[in-house]
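Here is the structure we will look at.
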Protein chains: 2
Amino acid sequence: MKDVAARAGVGLKTVSRVVNGEPGVTPDTERRVQEAITALGFRRNDSARMLRKGRTASIGLILEDLADPFYAPLARAVEEVAREHGALLINGSSAEDPERERELALAFCARRVDGLVVIPAGADHRYLEPEMAAGVATVFVDRPAGLIAADAVLSDGFGGAREGVAHLIAHGHRRIGFIGDQPHIHTAVERLRGYRAAMAAAGLPVDESWVSLGGTGAERVRAEAERMLGGERPVTALFTGNNRVTVTVIRVLAGLPRRVALVGFDDLELADLLSPAITVVAQDPARLGRTAARLLFRRLGGAERVPRRVELPTQLIVRGSGELPP
Amino acid sequence: MKDVAARAGVGLKTVSRVVNGEPGVTPDTERRVQEAITALGFRRNDSARMLRKGRTASIGLILEDLADPFYAPLARAVEEVAREHGALLINGSSAEDPERERELALAFCARRVDGLVVIPAGADHRYLEPEMAAGVATVFVDRPAGLIAADAVLSDGFGGAREGVAHLIAHGHRRIGFIGDQPHIHTAVERLRGYRAAMAAAGLPVDESWVSLGGTGAERVRAEAERMLGGERPVTALFTGNNRVTVTVIRVLAGLPRRVALVGFDDLELADLLSPAITVVAQDPARLGRTAARLLFRRLGGAERVPRRVELPTQLIVRGSGELPP
DNA sequence: CTGAAAGCGCTTACAG
DNA sequence: CTGAAAGCGCTTACAG
């Protein structure tokens, strides 16, 4: 910029005016500055600009895995809202590791992102309190923050799971298995609560061997499904706690001679083309992301005060697998 | 930092030393500085740091759609490599719009990203030449750059499509349809070339009504598939040019009374569970991303000079749909 | 072991 | 309409 000013024979501030399209520059001066800019290949350094302005026009997004078909549309929606507000998106995958979540969040804050959208891996977010106090707008999505008061945008996992399980019960099932994610994950627990509520509402007992929370790795899920489907009194239906669990269970069921009912939490791309087509309790990941990002920017605009908790409904999509008889 | 220095009764440089773990500070001084840091809640501003250091330790990724199941793993892989190099990832979706690609790329450059990984939407990347000359390492993935010399990491779309179509021919098909993406997209053209090469190698004529390039929207693809499968002399097999086309065609075929052979370019999550299971020519999106990002950092390290073009193999995965007889 | 000065590339608040 | 000075928050190159 100094070079441009020198070459155009003007002051720094005048170059700044031209670069930012501010008024108060003679057409002639402007032309000279423009010429210098092109001749020197000047490109404004936005980092320097933002250092001075205070806001970086960027927000950070921390999720579990950018490649997960559930989170990818959520990320895209956040990006879209950021774009509408002229902000860029910095992205990080925590790989479900609380330490990595923390590192990413603090790295983003060190870069002075204006805000943070977090799908938390950890259960203790007190490390973010100084950052939030310093003005970093923070919204949690999919799972609430741990041990601090903060905005959260969640799906109604309890209600959704309850509805899905009630659907199986309505189709005659009494022995229903539940395979979900790890017990320290909020969504896993909520969905299990929904399962229990539906069973209780129907006056059905729950044999604890029908319930399994744990990693979503294929081996574990396969083993648990086979266990529940084997033995003397196997379950006649399964409710799966998320998309990854569902995919593995579909594979297990495909290898079985008899047909077993299944309702899965989360929709899958080709679910309608399988036979039977898979009945699911669908979330709207893009809407989750959009809602969270909008809340973030509203907070940045100073409109919000008290932490808000938004809960989005789920939708039961009936396709066939959930209507199979016992 | 100034406040910390004042409170600890030391100079700025000493605070800097403590914050960065540089040697040459008495344990006692260090303790005083640390106390001031905690008391004041000091957090180093990495943006300011990078302004001074010259490198921002961040790279930009521009792709078509973060939510696309093909690009999401690619993005994740880029992120992973960036992380290994201590860099953050800024992300942008071009929505297949050249103007938006350009805006994103220039916005990233204005933030002074160290490098750029680009899945191009446009066909003219001369706008990036000044940036590259100014030192922004740039690697194109999935599709080559237009009108400039630059690194490119591509899949062997020609070879992959040729192999897939040859597979259909080997199973007795003579009338094979090709439905692909828009003709200005490099990968679409390459895959069509592969189709033609396979047909020519088998001495088969290609009726131009069997070939359709255009948008991947469901309506168009559905119409084209139905057109090719209708009429007096319908095709007996289809080769689809990418994952989105494949999904729509699977839906069309599912509604048909007869079974039509299908080989799709790109793998799909539940492809093995459909009946018939879908035979595909698979790319490895994570490997594409990893390769591109590694090349980028090698270039940043100054190891590379001349633009390189890397081509990764595809893999024919035989599952059933491609082996159906005419 | 420690720190004052200059500078990274911009904008802000003024003054003319 | 135009520009000089100060400052955003850090690091670099020195000097002591």
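To find a chain, count down the sequence lines: A is the first, B the second, and so on, and within it residues start at 1.
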Please determine if a side-chain N or O atom of [X] lies less than 4.0 Å away from the OP1 or OP2 oxygen of [N].
X: B/Thr14; N: C/dT2; result: no
X: B/Thr29; N: C/dT2; result: yes
X: A/Lys2; N: C/dG7; result: no
X: B/Ser16; N: D/dT11; result: yes

Under 4.0 Å, counting only non-hydrogen atoms across every strand here, what does A/Val19 touch: a base, just sugar-phosphate, or nothing?
nothing
Need one value for A/Arg44: base, sugar-phosphate or nothing, where a base atom within 4.0 Å counts as base even if backbone is also close, heavy atoms only.
sugar-phosphate
Measure [atom1]/[X] against [atom2]/[N] and give the value in whole Å, please.
X: A/Arg55; N: D/dC8; atom1: CZ; atom2: C1'; value: 16 Å
X: B/Leu12; N: D/dA15; atom1: CG; atom2: C1'; value: 17 Å
X: B/Arg111; N: C/dG9; atom1: CZ; atom2: C1'; value: 15 Å
X: A/Lys13; N: C/dA13; atom1: NZ; atom2: C1'; value: 9 Å
X: B/Glu22; N: D/dC14; atom1: CD; atom2: P; value: 16 Å
X: B/Asp28; N: C/dC1; atom1: CG; atom2: P; value: 13 Å

Within the 3.5 Å criterion, strictly below it, is a donor on [X] or [Y] matched to an acceptor on the partner's side chain?
X: B/Ser155; Y: B/Gln283; answer: yes
X: A/Glu79; Y: B/Ser93; answer: yes
X: A/Arg44; Y: A/Asn20; answer: yes

Whichever of B/Thr26 and A/Phe42 has the more 5' nearest nucleotide on DNA chain C, that residue is B/Thr26
So, does the side chain of A/Arg17 form a donor-acceptor pair with the base of D/dG3 at under 3.5 Å?
yes
Between [Y] and [X], is there a salt bridge with N-O shorter than 4.0 Å?
X: B/Arg287; Y: B/Glu311; value: no
X: B/Asp46; Y: B/Arg49; value: no
X: B/Arg7; Y: B/Asp3; value: no
X: B/Asp151; Y: B/Arg309; value: no
X: B/Arg76; Y: A/Glu64; value: no

Write out the stems for DNA chain C, ordered by first number and formatted as range with range, counting runs of at least 3 consecutive Watson-Crick or G-U wobble pairs under 3.5 Å.
C:1-3 with D:14-16, C:5-12 with D:5-12, C:14-16 with D:1-3
Quick one: which of C/dC1, C/dT12, C/dT11 gets closest to the side chain of A/Met1?
C/dT11
Residues touching DNA chain C, which here means a heavy atom under 4.0 Å, drawn from residues 45-53 of chain B:
B/Leu51, B/Arg52
Heavy atoms only: give me the nearest B/Ala137-B/Leu296 pair and the separation to one decimal.
O-CD1, 3.2 Å
Would you mind telling me which of A/Val4, A/Thr29, A/Val25 makes a side chain to side chain contact (heavy atoms under 4.5 Å, CB included) with A/Val18?
A/Val25
